[in-house]
J.: 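Following this message is one structure expressed as structure tokens.
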Amino acid sequence: MAQIGQILVDVPTMQTNDPYSYAIPTELEHQVQVGMRVIVPFGRGHRLVSGVVVGLSDVTSFDGKLKPIETVLDLAPVLNTELRQLADWLATTTYAFRITCIQTMLPNLLKTQPKRQVQPTTTLTPAEMATYFPEGAPRDFDATKLDDATVAGLLKLQRAGKVEVVYEVKDKAAAKTTTGIAPALTPAKLQEIADKVAKRAPKQAELLVYLAQMPADKVVAQAAVAKKAGVTPAVIATAADKGWLTKSTLEVYRDPFHQPVTPTRALKLNPEQQVAVDRITQAIDGQQSKNFLVEGVTGSGKTEVYLQSIAQALQQGRTALMLVPEIALTPQMVNRVKARFGQRVAVLHSGLSKGEQYDEWRRIDRGEATVVVGARSAVFAPVENLGIIIMDEEHESSYKQDENPRYHARDVALWRGQYHHCPVVLGSATPSLETRARAAKGLYTRLVLSKRAKAQPMPTVHIVDMREQLKQQGDSDFSEPLMTAIQERLDRHEQIVLMLNRRGYSSFVMCRDCGFVLKCPNCDISLTLHMDTHSMKCHYCGHEEAIPHVCPNCHSKKIRYYGTGTQKVQQALEKLLPTAKILRMDVDSTRRKGAHERILRQFGEHKADILLGTQMIAKGLDFPNVTLVGVLNADTALGLPDFRASERTFQLLTQVSGRAGRATKPGEVYIQTFNPDHYAIQLAQSQDYERFFVTEMHMRHQGNYPPYYFAVQLTASHEEEAVAAKAMFQIVAALKQGLSKDAIILGPTPKAIARVKRKYYYQVVIKYKQEPQLRPVLEQIRQAAQVPARHGLSVTIDSEPMNFM
DNA sequence: AGCACGCCGACT
DNA sequence: GTCGGCGTGCTC
């Protein structure tokens with residue numbers, strides 16, 4: 001039996017990033033297993049923290065007295081070997097603490113809550129009791145929530161030995177339970193009693209008859225018994241008193257999606273789909289960690305390819321993991337998977353309550369669910385024996401987590417595919433440049449679905465030049481061609497989707513006459529307006545210039561901020577079309593739980609003619625009666641100071657265009673823009689992903705951007721601007737010293753929104769091709785950042801950032 | 001993170 | 001001389 005446990009304590013610091021050794025008391029030695037959560041004493045005094053067992057041994061390199069493990073929190077390990085290895089890999093690649101990685105991999109309810117309380121050790125004076133224990137003892141002692149005087153007073157009493165601090169670590173994990181019923185007597189005996197009481201107590205007799213036919217060793221929920229036997233809980237209580245049945249606590253799962261679903265069968269595939277399924281199936285059967293890019297236009301039946309591939313994995317006795325963007329994880333989408341695989345499906349996403357998440361997690365952990373569908377963090381689902389991993393809409397930026405650990409679910413998926421020797425399928429109509437480039441290099445097998453499954457024609461896309469519109473009809477959010485098209489649909493009782501692009505809302509200036517956007521002379525990236533300094537700044541190199549009052553290109557005076565809000569647009573639209581019913585969908589109108597689905601359902605039932613919304617309406621909604629899609633401002637994202645601006649614009653326009661004419665009626669799309677000649681817009685019009693890819697790759701090559709270069713972003717933030725800036729300059733000095741001459745260091749520059757939550761942000765971006773010293777240099781920076789962290793300076797490292805601003 | 005130790009100025 | 005401010009190091 002192992003004497004010593006290697007524990008990662010739940011204290012996220014550099015010094016505790018390696019496991020600490022704890023003695024295993026004899027009474028726990030048969031309980032402690034690697035992968036379990038434990039509570040251990042940590043530090044001086046009696047402070048308790050939670051931790052995770054990552055190893056067992058009989059020796060330790062630590063030459064001090066070992067403290068004993070206090071409690072074991074789990075009956076079975078919560079992290080298997082794979083997930084522990086994954087956590088280590090994640091920690092190194094994302095520059096995060098190991099324990100932080102583990103926490104993100106586990107469901108919320110398995111995160112423990114440390115609690116501090118104080119209680120008197122002797123009798124205190126009435127005055128002391130009144131001041132410090134007005135609600136009695138013990139009381140909570142959270143220094144961050146109490147006022148300074150109380151904290152000081154309590155600490156003083158502690159030094160005097162009059163009060164003591166007690167620690168507790170709460171485990172939030174709680175399975176939902178209900179009362180279970182089991183027969184306490186033999187069927188024959190129960191029947192005998194039933195016959196006796198039949199006349200006087202018919203209900204009791206019914207219950208007895210029901211109990212008599214129950215399997216002896218099975219426990220059934222009380223509610224189910226009551227329903228099936230046709231009795232009330234009161235009758236059951238009486239029966240329990242008479243000793244006919246026994247009550248017990250029964251663990252149940254909360255079922256988040258209890259609507260019944262009609263089962264579906266595999267659909268007939270077209271030749272392209274069939275090729276895709278065959279290739280993926282080969283990889284599943286051959287246990288190859290081969291990766292695929294399924295590139296399919298909207299409506300080309302990617303989902304059917306996924307479902308049949310999953311079916312194949314299940315048939316081989318293996319499991320499947322399917323990732324979808326949070327926004328696409330609607331009940332419709334989930335039901336589609338459940339209709340095919342039924343009870344084997346588990347769903348993981350943030351819309352579920354903590355308890356529901358935990359239950360789904362346990363179903364997966366116990367092997368009861370073999371198909372997992374979920375958003376980003378579902379990539380850590382404890383599925384074993386994976387046969388396939390699918391990531392739909394792989395280009396979605398929400399797959400990257402924007403807090404520590406800053407991981408990309410795609411990278412984790414590829415890691416797990418490798419571990420399980422199973423294929424990873426990345427799917428998109430508009431793959432990210434990185435993924436498409438890797439496919440071009442042969443790292444992924446490219447499977448193209450070029451035909452729409454139901455052979456609908458692609459929608460006709462019109463580009464409306466807003467510069468012309470401005471000249472002809474003045475400043476309006478709605479062009480004449482778009483309004484005409486809207487009116488036509490209203491007359492025909494067809495529906496309309498209008499998208500307002502909120503990204504980049506009024507943070508840059510654009511000329512309304514010629515579409516000119518001010519760019520940095522060094523970086524070819526848009527300059528951002530800074531009202532605090534009244535200047536235009538480049539967030540890559542720090543270049544700064546005055547806000548222009550006339551357009552440097554055409555000398556027009558109509559150069560100004562660009563951007564509008566959905567509410568304003570809705571009001572304007574209501575004025576123009578007083579009879580049309582308009583539904584608005586944006587961050588504000590969907591804040592409440594379920595609002596998102598409600599709006600979509602209303603629109604689906606044709607309770608409104610027009611759905612007006614932000615980017616969220618571009619994703620996956622499928623309404624047969626929508627024949628017109630209008631994009632009010634295609635340019636806003638183009639103006640952002642981000643090298644992915646064109647990519648994002650192209651993806652968004654292509655996606656939203658796919659919303660038009662999905663059934664029998666042909667669709668039309670109107671894109672309003674001040675940049676009608678921009679390649680992202682032109683190529684979105686012709687729906688030509690391949691040409692966009694080639695063009696954009698050329699741009700990336702010119703600018704030394706990904707996928708030609710790797711990138712790391714470092715950010716320093718502090719309440720005082722000078723502190724953040726100085727830290728960043730020191731970091732840059734360290735980088736210049738430690739890295740090769742080939743590394744390109746951009747910055748330091750203030751962030752686009754330099755001040756967020758009373759803190760100033762400065763950043764630097766490193767672009768590199770090969771930099772063996774990068775990891776050690778960044779580790780050294782992390783280490784050095786520990787000291788000033790005490791004074792509120794935080795430094796973050798983001799490998800392959802999604803937002804360069 | 002949270003606690004103790006140690007070094008400084010301001011106080012009874 | 002001591003109380004308590006904060007800066008620093010350490011926690012198996």
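Naming: A, B, ... by sequence-line order, numbering from 1 per chain.
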J.: So if I take every side-chain heavy atom of A:H791 and compare against C:dG7, C:dC12, B:dA1, which nucleotide ends up nearest?
T.: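 Side chain of A:H791 sits closest to C:dG7.
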J.: List in chain and number order the residues that pass side chain to side chain donor-acceptor pair (under 3.5 Å) with A:R782, two or more places apart in sequence or in another chain; answer none if no residue qualifies.
T.: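 Residues passing side chain to side chain donor-acceptor pair (under 3.5 Å) with A:R782: A:E779.
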J.: Check salt bridge (charged side-chain N to carboxylate O under 4.0 Å, His left out) between A:E326 and all other residues, then give those that pass, not counting sequence neighbours.
T.: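 Counting only residues at least two positions away or on another chain, A:E326 forms no salt bridge (charged side-chain N to carboxylate O under 4.0 Å, His left out).
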J.: Once you apply a heavy-atom cut-off of 4.0 Å, does A:Y22 come out as touching a base, just sugar-phosphate, or nothing?
T.: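 The answer is sugar-phosphate, as A:Y22 gets under 4.0 Å only of primed atoms, P, OP1 or OP2.
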J.: Regarding A:R362 and A:D365, does a basic nitrogen lie under 4.0 Å from an acidic carboxylate oxygen?
T.: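 Answer for the salt bridge query: no.
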J.: Using atom CZ of A:R790 as one end and atom C1' of C:dG9 as the other, report the distance to the nearest whole Å.
T.: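 The distance from CZ of A:R790 to C1' of C:dG9 comes to 7 Å, rounded to the nearest Å.
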J.: Rounded to whole angstroms, how far apart are CZ on A:F97 and C1' on B:dA1?
T.: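 Taking CZ of A:F97 and C1' of B:dA1, I get 11 Å after rounding.
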J.: Quick one: list whatever passes ring-ring contact (aromatic ring centres under 6.0 Å, His included) with A:F62, sequence neighbours left out.
T.: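 If we apply the ring-ring contact (aromatic ring centres under 6.0 Å, His included) test to A:F62, skipping adjacent residues, there are no hits.
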J.: Show the atom names and distances, to 0.1 Å, of all donor-acceptor pairs under 3.5 Å that link a side chain in residues 82-90 of chain A to residues at least two apart or in another chain.
T.:
residue, atom, partner, partner atom, Å
A:E82, OE1, A:R416, NH2, 3.1
A:E82, OE1, A:H420, NE2, 2.9
A:E82, OE2, A:R416, NE, 2.8
A:E82, OE2, A:H420, NE2, 3.1
A:R84, NH1, A:L79, O, 3.3
A:D88, OD1, A:R98, NE, 3.2

J.: Between A:E396 and A:R376 (salt bridge meaning N to carboxylate O under 4.0 Å), is one present in this structure?
T.: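 No, A:E396 and A:R376 are not salt-bridged.
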J.: B:dA1 P sits how many Å from A:L8 CG, rounded?
T.: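 About 17 Å, once rounded to whole Å.
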J.: Just checking A:P19: base, sugar-phosphate only, or nothing, at a heavy-atom cut-off of under 4.0 Å?
T.: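 No contact at all - A:P19 keeps every heavy atom at 4.0 Å or more from the nucleic acid.
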J.: Starting at the 5' end of DNA chain C and moving along, which residue's nearest nucleotide shows up first, A:V787 or A:F42?
T.: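 In this pair, the answer is A:V787.
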J.: Expressed in angstrom and rounded to an integer, what is the separation of A:N17 atom CG from C:dC12 atom P?
T.: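 One finds 17 Å between P of C:dC12 and CG of A:N17, rounded.
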J.: Looking at residues at least two apart in the chain, or sitting in another chain, which of them share a salt bridge (charged side-chain N to carboxylate O under 4.0 Å, His left out) with A:E168?
T.: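 Applying salt bridge (charged side-chain N to carboxylate O under 4.0 Å, His left out) to A:E168 gives none.
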J.: Using a heavy-atom cut-off of 4.0 Å across all strands, would you classify A:T60 as base, sugar-phosphate, or nothing?
T.: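 Counting heavy atoms under 4.0 Å across all strands, no contact is made by A:T60.
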J.: In whole Å, I'd like the distance from the OH atom of A:Y20 to the C1' atom of C:dC12.
T.: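 It is 7 Å, rounded to the nearest whole Å.
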J.: Looking at residues 98-107 of chain A, who's got a heavy atom less than 4.0 Å off DNA chain B?
T.: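 The stretch gives none, as no residue of it lies under 4.0 Å from the strand.
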J.: Show me, pair by pair, the donor-acceptor contacts under 3.5 angstrom made by side chains of residues 727-740 of chain A, not counting sequence neighbours?
T.:
residue, atom, partner, partner atom, Å
A:S740, OG, A:D742, N, 3.2
A:S740, OG, A:E771, OE1, 3.0
A:S740, OG, A:E771, OE2, 3.1

J.: Any N/O pairs under 3.5 Å between the protein and nucleotides 5-7 of chain B? List them or say none.
T.:
none

J.: Answer yes or no: does a side-chain N or O of A:R116 lie under 4.0 Å from OP1 or OP2 of B:dC3?
T.: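 Looking at the OP1 and OP2 atoms of B:dC3, one of them is under 4.0 Å from a side-chain N or O of A:R116.
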J.: Measure NZ/A:K67 against P/C:dT11 and give the value in whole Å, please.
T.: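 From A:K67 NZ to C:dT11 P: 10 Å.
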J.: Tell me every residue that passes salt bridge (charged side-chain N to carboxylate O under 4.0 Å, His left out) with A:D411, counting only those two or more places apart in sequence or in another chain.
T.: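 In terms of salt bridge (charged side-chain N to carboxylate O under 4.0 Å, His left out), with neighbours along the sequence ignored, A:D411 is linked to no residue.
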J.: Give the rounded distance in Å between these two atoms: CG of A:D18 and P of C:dC10.
T.: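 From A:D18 CG to C:dC10 P: 16 Å.
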J.: Output the rounded distance in Å from NE2 (A:H46) to P (B:dA4).
T.: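 These atoms are roughly 10 Å apart.
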